[in-house]
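Since the model is a prediction, treat every value here as computed from it, not as a measurement. In what follows, chains are A, B, ... by sequence order, proteins preceding strands, each numbered from 1.
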Amino acid sequence: MIFEQILLQIFHNFNQERTISAPFHLLKGKRSGQTIQDVGIYHLHKFFSILPKLSRQHYNDILNSLIEQQYIKVFDEGSYLLTERAKEVAKIGEGYFFNGWYYRGNEHIFFARLSLIVQSLSHQGENQMSFSPIQKDEQIQQWVRQFLVVNNYKEGHLQQKLFEEMVSSLESSNLEERAKTIVINRLAGFQTAGLTWQQISYQEKLTEMDVQLIYISTLHSWITHILNHSEKYVLLHQLAKDIRVIIPLSGSAYQTAELFRKGYSMEEISHIRRLKISTIEDHIVEIAMNDPEFSIEQFISTEDVKKVMMAVDDYNTRKLKILHEVVPHLSYFQIRLVLARGEEVGT
Amino acid sequence: MELEKVLEQHFGYTSFRPGQKEVIEQIVNGKDVIALLPTGMGKSLCYQLPGYIFNKPVLIISPLLSLMQDQVDQIKQLKEKRVVALNSFLNASQKKGTIQHLHQYRFIFISPEMLLQQQVQQKLISMELSLIVVDEAHCISQWGFDFRPDYLRIGEVTAKGNRPPILALSATATNKVLGDIEFYLKMNNPYTFIHSVDRPNIHIGRKMFQNREEKLDWILEHVIETEGPGIIYTQSRSKTESISERLLQMGISTAAYHGGKDPLDRQFIQQQFIDGSLEWIVATNAFGMGVHKQNVRQIIHESIPSNVANYMQEIGRAGRDGRDALAMLLFADGDDEFAKFVGMDDFPNEVHVDLYIEYRRKDELPSTMIQNGEISETAYRVLDYWMHQFHPNEVKQQLYAMKNDKMKAVEEVLQLIQTKSCMREKLVHYFGQTLMEKPSNCCECCGLEYKDIIRKREQSDYKEPTVSWRRRLENILLGFS
Ligand SMILES: Nc1ncnc2c1ncn2[C@@H]1O[C@H](COP(=O)(O)OP(=O)(O)OP(=O)(O)O)[C@@H](O)[C@H]1O
Ligand SMILES: [Mg+2]
Ligand SMILES: [Zn+2]
């Protein structure tokens, strides 16, 4: 059910301008120009790459069930139409917090670290220092070994400290009880095995897919909470290190972003970097697309943003040439910025 | 040197199990050895102990990453630090570092593809080894039940002039497979130790049905009435899910297990099975290797296995504690056709050969076939190997011959199902051995009372109380106080 809600929400955002395959590529996090651009244009940062292992088969099954329930009509050439009922359902999906763009599956690294630390501390508490580590990845194991040493696990206080941090962060983040239960059920310790997805799904009366979506959503908001209050969570903050992708930009755009952040103007950057101004513009568009917090209002007034959006609506197009004819007083650069940002800006 | 002392000192065991001492003695004398010991008999010890006699590293070639990890964990639990796994899990810099210090380890686990890499080869030439171990050696033979083309190339390494002894280990191998092992590994007149494949405490049952539904009904009834722990083997991933779902609904703690499961899930299932909180596991043949549970009481084959060796391996999970166990082989009309079909599903055919050529012609990676869903990963592995060996037409012939063999293998299982004489005798015979003695309640044909072997299931209404997440975390981190 949750999966269906999310899918409908994505379809809704795509505004019937992409094919039925687009949500699949988005959820899987396909690194193609089209998918990446769409993330910006249709403002789909949330959902990018949250299900890298999704199979086409599973996706098609759900799609078929959406068709059967008359939420969506699909046409031969792959375009689609959402029904009014679908829009209602899509709204419910909005309740789930995701930040796929920034975590890109790294939430699983966070959890892998956590689960191995918890397993180790659990065994240490029982004086059982040899056990089969639940995380087999050497890099995770090495990381955890270091974490334990740096935080003086031998003193024996780490268990209590970690417990307190986990409880207080989970309690103060805005999560439903069920979500916390799911995440904690995936931990294991001394003589305590974790629960499988199948077992949790049976217990919670949800499909396995929905359980996993709640799990990912929970990790996203939990990690976000931890990062926003890093001073409070001395241990968890270390686990969340390097989990958030800083700015997923191409190397050259990254340098431009750095200079821009330091306060240089576009002309100055063009001069310093000996690059054409149009190249710098490309970079700025890429930044606007990648970073939802980057304000484009420094380049174009809210009023003009609305005008562009209206032109997009009226002429039902995103072609630059046509849009430029409608709002000739704006530059191509400005129009591209608006398109890069997608719906959200004007509203 | 007293081997018993080394055994006691490093492993804490007081005596050898059958075969271990014979094998180790030969290795110490510098001879090549092939050892066939039933599952769970302690094959690993045959190379672990020599590691403490020689002062040079032991190199162990192992087919599965998960298996390798398991063995590394096992050795680490013996407080041995000088053990390493060289496999594709390592990133470039880790790999480089490991290779550099390779000579300092006591046990080096390696995957066949890693073994053939040039940097590894170079390092191996520059250092001395005390022993080369090929674990699950039947993987080298296309007559075996788990053929891995990569294994064939191990011979390139073992063919070197001045090499240490080779130890080839397997649980089940027919004479044909034994021949392949010796030949492809280029072994030098090896000493061969073959333990009887018979497991007298496993009693072999069999049941025929009109159709698949009847069969499922029987399983559900049987499981609710008799005691586990047990494993139900079935052919497809989706069947593991659907059968386990049914059992769960009846209140039996069950899990589905197959190769597509989340790695963490697989560990949870193993752990729960071993600690007794799971009664039944419904699995594809992916479940088994590396699972050391002593008291499995029942194995049920919901679908017929694709060959006799597989069957042997799978029922071998039962009764490792030496106590009685029951293995039930179920059969409904048409199952054999289905088994052939499923077997082929994981096997390349002529169409795949043409596709492969087509991809090459288009200058695309043939492995894209996997992503495009045109071939399974296992099938691709086989195809890719042969395409590098032969001309496409020869490959087609080769595949055709192999396909015939696979059909034959299913027929052999069918014989076991249809036999009116002793099933145990037939099984043992398959491996070129003769049965010395029949246990009581031997098999369905000799006469078998299930209730003499397994117990009635005690209906327990006890349910683990569900605890809050907070309490659960507290229990794990701070202990049950
Ligand atoms: N001499 C011994 N005395 C007691 N226990 C032993 C002895 N040798 C091995 N074992 C134990 O037997 C168990 C099985 O050993 P091992 O994993 O080597 O089996 P295996 O033959 O490799 O099985 P598989 O075919 O499943 O790989 C291990 O727990 C091991 O510690
Ligand atoms: Mg073994
Ligand atoms: Zn018999």
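Between B:K43 and B:D135 there is no salt bridge, since no side-chain N of the basic residue sits under 4.0 Å from a carboxylate O of the acidic one.
No other option in B:I269, B:I274, B:L264 has as many heavy-atom pairs under 4.5 Å with chain A as B:L264. Comparing A:L121, A:V183, A:V118, A:I134 by heavy-atom pairs within less than 4.5 Å of chain B, the highest count is held by A:I134. Contact count against chain A (heavy-atom pairs under 4.5 Å) is highest for B:Q77 among B:Q77, B:K76, B:K79, B:Q74.
Neither the backbone nor the side chain of B:A85 has a heavy atom closer than 4.5 Å to any heavy atom of chain A. With a threshold of 4.5 angstrom between heavy atoms, A:L195 approaches chain B through its backbone and through its side chain. If you measure heavy-atom distances from B:Q267 to chain A, the contacts under 4.5 Å come from the side chain alone. Using a 4.5 Å cut-off between heavy atoms, A:Q142 touches chain B through its side chain atoms alone. For B:D73, the part sitting under 4.5 Å from any heavy atom of chain A is the side chain, from C-beta outward, and nothing else. No part of B:L78 comes within reach of chain A, as not one of its non-hydrogen atoms sits under 4.5 angstrom from that chain. Only the side chain of A:Q203 comes within contact range of chain B, judged by heavy atoms closer than 4.5 Å.
Listed by sequence position, A:L162, A:F163, A:M166, A:V167, A:L170, A:E171, A:E177 are the residues of residues 162-179 of chain A in contact with chain B, using a 4.5 angstrom heavy-atom cutoff. Proximity to chain A among residues 238-246 of chain B is limited to B:E241, B:S244, B:E245, judged by heavy-atom separations below 4.5 angstrom.
A:K180 contributes atom NZ, which lies 13.5 Å from atom CD1 of A:I214 (distance to the nearest 0.5 angstrom). For the atom pair CG of B:D265 and CD of A:Q199, the computed distance is 8.0 Å after rounding to the nearest 0.5 Å. Annotation: the span from A:L206 atom CG to A:I182 atom CD1 amounts to 6.0 Å, rounded to 0.5 Å. A:I20 CD1 to A:E77 CD: the interatomic distance, rounded to the nearest 0.5 Å, is 10.0 Å.
The aromatic rings of A:F24 and A:Y59 sit tilted, their planes meeting at an angle between 30° and 60°. In this structure, A:F98 and A:Y96 have tilted ring planes: the angle between them lies in the 30° to 60° band. A perpendicular orientation is assigned to the rings of B:F107 and B:Y52, their planes being inclined by more than 60° (bins at 30° and 60°). Between A:F111 and A:Y215, the two ring planes are perpendicular [angle over 60°; tilted spans 30° to 60°]. Between B:F287 and B:F273, the ring-plane angle classifies as perpendicular under the 30° and 60° cut-offs.
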**Request:** Before giving the answer on salt bridge (Lys or Arg N to Asp or Glu O under 4.0 Å), spell out for A:R56 and A:D61 the whole-Å C-alpha distance, their side-chain angles and the decisive distance to 0.1 Å.
**Result:** CA-CA 9 Å; A:R56 189 76 205 206; A:D61 288 349; over 6 Å; no

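Closest approach of A:G194 to B:Q272, counting heavy atoms only: O-NE2, 2.7 Å.
Of the possible polar contacts, none joining the A:Q146 side chain to the A:W143 backbone as a donor-acceptor pair under 3.5 Å is found.
Enclosure of atom CZ in B:R471 is not indicated, since only 12 or fewer non-hydrogen atoms of other residues, nucleotides or ligands lie within 6.0 angstrom.
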